[in-house]
Each structure stands twice: as structure tokens, then as C-alpha cells.
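Let me begin by presenting the structure, written as C-alpha cells, before commenting on it.
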2 protein chains.
Amino acid sequence: MSLSDLFDGDPFVPAQQARIEPIQQRSTARLSGLLDAAAIVVDEVGFDRITTAMVAERAGASIGTVYRYYPDRVAVLQALRERTVLRFRNRFAEQLKTSAPKHWSEAVDVAITAFVDLYRSEPGFRIMHFSDRQGVPVAEDPDTGYFARRVAGMMVEAFGLHGGDELSFRLEVAVEMGDSILSRAFRSDPQGDERFIEECRAVTHDYLAGYYGPSVR
Amino acid sequence: MSLSDLFDGDPFVPAQQARIEPIQQRSTARLSGLLDAAAIVVDEVGFDRITTAMVAERAGASIGTVYRYYPDRVAVLQALRERTVLRFRNRFAEQLKTSAPKHWSEAVDVAITAFVDLYRSEPGFRIMHFSDRQGVPVAEDPDTGYFARRVAGMMVEAFGLHGGDELSFRLEVAVEMGDSILSRAFRSDPQGDERFIEECRAVTHDYLAGYYGPSVR
DNA sequence: GCTCACCGAGCGGAACTCGATCATGGGAGT
DNA sequence: ACTCCCATGATCGAGTTCCGCTCGGTGAGC
């Protein structure tokens, strides 16, 4: 999983990955069961060793059922990615509510903490971000940075900062940097190398603080 | 291709990827021809859509020839990655010689420029870094950051700075950050979004300058 | 002429299809 | 309300296609 995913598409509305939308009740359970299985298999055998047969067996389904919902193998992984992004957003929003940060820098920490938590608890999270850099061909949407602009709006609203294009840009860069450092933190340590995690917080704060000026540090 | 690759293994000594070392002259041309073909195909169809048949056809060779030199499909991509890393190193070293920087920050700029040049000119460069994050299984070498330490040594030698573990760590973080921002710069723009490239330079400089103190800015 | 390089039909396995079969749940009939 | 019926969605899994990879035979270098 990569934080840069947050800039693709409309947040809180998962992309249409399934071949045919499920109608009956049981099939939504099937669908999430398939993704659960995919996450576990990805953790076990790695990203490119995964086979549709493994996913099907792990989910207690047949091959045909997998293709009932997904056009091909990579679509399954993309859907898993979508779902995990959604889970991050939900967790972030939730923890923003409970912690009610008074300052934007606290919100940054909340985001990092949520991300780290998912790295540690969510199956497949560590592995998944390998897929993301190959430009997702879905809907040539030039509205990259949508989520960043959204966050910018949140910041402006919540903390009375001045927003605009420059803020969007800065936030996108900050997210990109933070993602790469966290990814490094978990590359060889399942619990995450604390040194890198701390540096991620520091770098992100400093970078954004530099924009707002040292007064907000 | 990812800058983080620079931390793997011994620089300037490409890993033994080929199944059997070629002996006759023509075969070395074949070998590089195969990698050229692989680079082009990767650019055309993406990283996981690539097939050995495509590579063979594009290189004007047969399937068997591919497997004459590489044990399997991923080995071809790894070899391509190796070669591109080597090319980056060569270009970086070369441009370091010609520009003869007096200050470490100029060396950083040289590295970034070399990287950007390869992004623009080297086929497959934009796509290739997808493979790297899944732990390379070759030789469980805990000596991650080897290249960073090497660069640290260069810095100490060339610019009289104090090195050590902290510098290695900082350099690794800087490389990771810079890579992610450059990757973003080229994600949707084949020529690279100048805004992100400039920000990459700024961020890297600021981050490292913060370590050495504002005096060197 | 001896070895290295190359070829490409063929093998095994994984991705993916499709018609048969089962399950569901909305509504007709009572 | 309650049951039962059946249209339609969901599932299955044997079969097909495609792809990674092997290997014995043929051609090119030294």
C-alpha cells in the first residue's frame, strides 16, 4: 500500500473493480472473503507468486467464482488495494474525530500513526505498494492530487490556514516523502524500524512547518 | 528503477544473473540486445504483462536463447535493473569528474540531474522500480546502506565533513525521499514535472543542510 | 571438427471460459 | 401473513488457451 494511492480517484467511493455488481446478500460476503484470502496469500507467497487458484481455495470458493467478480488476476490485487486505502481513510477519519487535534501537526501525526498501525495489523499491507507505480490505466483523470486538495480543505477549515494550489502541492510532496520513508521502515522489519518512523514524523513536520513558517512549529 | 537499488550489493560489480557466461563475441551483443528488447517491451506493455516471447521476438531471437542466458522471467528483469543501475553509476561518476563539485550540495544536484536524464532517455526506467521493494532474495546481506556509507566516505574525503552512522542514515533517508519525489514527477509526465523536480532538489538540500547546519546552505 | 550458440516444437501448469447446477428472495395465490 | 414457486443471481469445475520453460537437434564461430 502506498500513501500516493490517496491521490487517485474519489475518496470513500471504491472504484468499480468487480466485473458485475453483486446483488444478493451472500455475494458481498463472498467478495470480501475473496479479498481477505488474497491479502493472506499475498503475505504468504509474495506478490507475483500469487495464483487465482490459491485465492479461490483460501476463500473456500471455486476458480469460477473469482472470475465472476474480477476480470483477471491483477484486478483482484487492485481491488484489495482499493479496499485497504478505504480502510486507511476510515481509520484516519475516525481517529481524527476521537483525538480532535487542535493543530495541523497533530493531524499529521495521527495520519502517520494510523498508517503504521495498518502496516502492523493489516494482512498484505506491507507487500501491496509494489503495484502502485505503474500508472493505473483507469480513467485518465488529470485530477491528481484530489485527496491532497481535500486535505488542504480540511486543514483550512480546521486550523484556519491559508490553502490553495501551493498547499495542495506541498501536501502531496509531504505524503510522497512520508510514504517512502515508512516503506523503508518496514522493508526489513515487520514491526517497523522506529528510527525511520521517527524520522518520517520529523521530516514531514519540518517540511510543512517550513511552508507555514517556524512560528507554527 | 529506484534509487534505493543503490543500497543493494557491491556497486560497479553487476550480480551474476546470466545462467552461463557467454564465451563467443556475438553472444555478448545478444545479451545486451535481449536487455534492450526487455526495456522496450516493459515500456510498452508494463511490468507484469511482459512475456518471454515478447522479449525474444523483439530481440530477434528465439525463446530458447532467452533461457540460454537467464534462468527465468524475473531474472531478465533483474538483469535489466542491474544494468540500469550500472549505467546510472557510470553517468554519475562521469559527471562528477567533469563538474568537479566543490561542495557536497553540488554533488547532490549532479546525482539528481543524472537520474532525471536517465528517466528521460533510458527505456524502461520509468517502469522498472516496481520490482525492487519486494525483498530481493539474493544473499541476506544486512549491509543495507552500503552505498550510502560509500557516499558518506566520498563526502568526508571530498568535502571534509564528519561522517559515521548518522550520516549514512541521513543519506539513505535523503535518497529515499528524493526517489519518491522524482518518481512522482515522472508518473504522468514523460519529461518529468519540473515543479516536482525542483522541489526534489530543494527538499534534499534542505534535509541534508539541516544536518550539517544552516551554515552550508 | 569441436564446441558454443541458437532454434522451436513440445510439456506442464496457471489463467481464464462457459454451460450446467444450486441458492435466493420477491411476489402470486390463498 | 404465510407458503410455495420460479426467475434470476451465484456457484461450480472440467475444459480451453496461453505462457513459462525444457531439450534434443541444427547451424555458426574459432
Side-chain angles (χ1 to χ4, degrees), chain A residues 16-42 44-81 127 130-131 134 137, chain B residues 16-42 44-81 127 130-131 134 137:
Chain A
Q16 166 80 5
Q17 297 290 348
R19 171 172 282 183
I20 293 173
E21 202 71 11
I23 294 177
Q24 295 181 5
Q25 190 108 44
R26 57 172 169 165
S27 45
T28 69
R30 255 287 187 244
L31 228 163
S32 69
L34 285 174
L35 294 187
D36 293 341
I40 293 172
V41 172
V42 158
E44 282 180 357
V45 307
F47 193 79
D48 40 344
R49 300 291 182 197
I50 192 174
T51 71
T52 51
M54 292 180 193
V55 175
E57 187 190 359
R58 199 41 158 262
S62 76
I63 294 288
T65 299
V66 175
Y67 288 93
R68 165 72 179 73
Y69 293 108
Y70 299 103
D72 60 10
R73 203 185 57 110
V74 301
V76 178
L77 280 321
Q78 281 182 357
L80 178 56
R81 197 161 137 275
I127 312 291
F130 311 143
S131 72
Q134 30 204 343
Chain B
Q16 166 79 4
Q17 296 290 347
R19 170 173 285 183
I20 293 173
E21 203 71 11
I23 293 177
Q24 297 180 6
Q25 189 108 42
R26 57 170 171 167
S27 45
T28 69
R30 257 282 187 245
L31 229 162
S32 69
L34 285 175
L35 294 188
D36 292 340
I40 293 173
V41 172
V42 158
E44 282 179 357
V45 307
F47 192 79
D48 39 340
R49 301 290 186 195
I50 193 174
T51 71
T52 52
M54 291 180 194
V55 175
E57 187 189 0
R58 185 58 72 126
S62 76
I63 295 289
T65 301
V66 175
Y67 288 94
R68 166 71 179 72
Y69 293 108
Y70 299 103
D72 59 11
R73 202 188 59 122
V74 302
V76 177
L77 280 321
Q78 281 181 358
L80 178 58
R81 198 161 138 275
I127 313 290
F130 312 143
S131 72
Q134 30 203 341

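The chains referred to below are lettered A, B, ... by the order of the sequence lines, with proteins before strands, and numbering in each begins at 1. The shown structure was predicted, so the numbers you read here are calculated from the model rather than taken from an experiment.
Here B/Arg73 does not pair with A/Asp48 in a salt bridge; the nearest charged N to carboxylate O distance is not below 4.0 Å.
To the nearest angstrom, P of C/dA14 lies 15 Å from CG of B/Asp72. The interatomic distance linking A/Arg68 (CZ) with C/dC18 (P) rounds to 15 Å, in whole Å. Between the CD atom of A/Gln24 and the P atom of D/dA7 there is a distance of 15 Å, rounded to whole Å. For the pair B/Asp48 CG and D/dC19 C1', the computed distance is 14 Å after rounding to whole Å. Between the C1' atom of D/dC21 and the OH atom of B/Tyr69 lies a distance of 17 Å, rounded to the nearest Å.
Close to C/dC16, at under 4.0 Å from its OP1 or OP2, lies a side-chain N or O of A/Tyr67. Taking only side-chain nitrogens and oxygens, A/Thr65 comes nearer than 4.0 Å to OP1 or OP2 of D/dC12. Distances shown here put every side-chain N or O of B/Arg73 at or beyond 4.0 Å from the OP1 or OP2 atom of D/dC21. Between C/dC7 and B/Arg30, a contact under 4.0 Å exists linking OP1 or OP2 to a side-chain N or O. When the side-chain nitrogen and oxygen atoms of B/Tyr70 are compared with OP1 and OP2 of D/dC21, none of them lie within a distance under 4.0 Å. For A/Ser62, no side-chain nitrogen or oxygen approaches OP1 or OP2 of D/dT11 to under 4.0 Å. Between A/Arg26 and C/dT24 there is no side-chain polar atom (N or O) within less than 4.0 angstrom of OP1 or OP2.
The structure places CZ of A/Arg58 at 4.0 Å from CD of A/Glu44, a figure rounded to the nearest 0.5 Å. Here CZ of B/Arg49 is found 11.5 Å from OG1 of B/Thr51. Values are rounded to the nearest 0.5 Å. The CG atom of B/Leu34 sits 6.5 Å away from atom OH of B/Tyr70, with the distance rounded to the nearest 0.5 Å.
Listed nucleotides D/dG20, C/dC7, C/dA15 differ in distance to B/Ala61; the shortest reach to its side chain belongs to C/dC7.
Screening A/Leu77, A/Ile50, A/Leu35, A/Leu80 against A/Val55 for a side-chain contact (heavy atoms from CB on, under 4.5 Å) leaves a single residue, A/Ile50.
The nearest heavy atom of DNA chain C to A/Gln25 and to B/Ile63 marks one nucleotide each, and the one closer to the 5' end goes with B/Ile63. With the nearest nucleotide of DNA chain C identified for both A/Gly64 and A/Ile50, A/Ile50 has the one nearer the 5' end.
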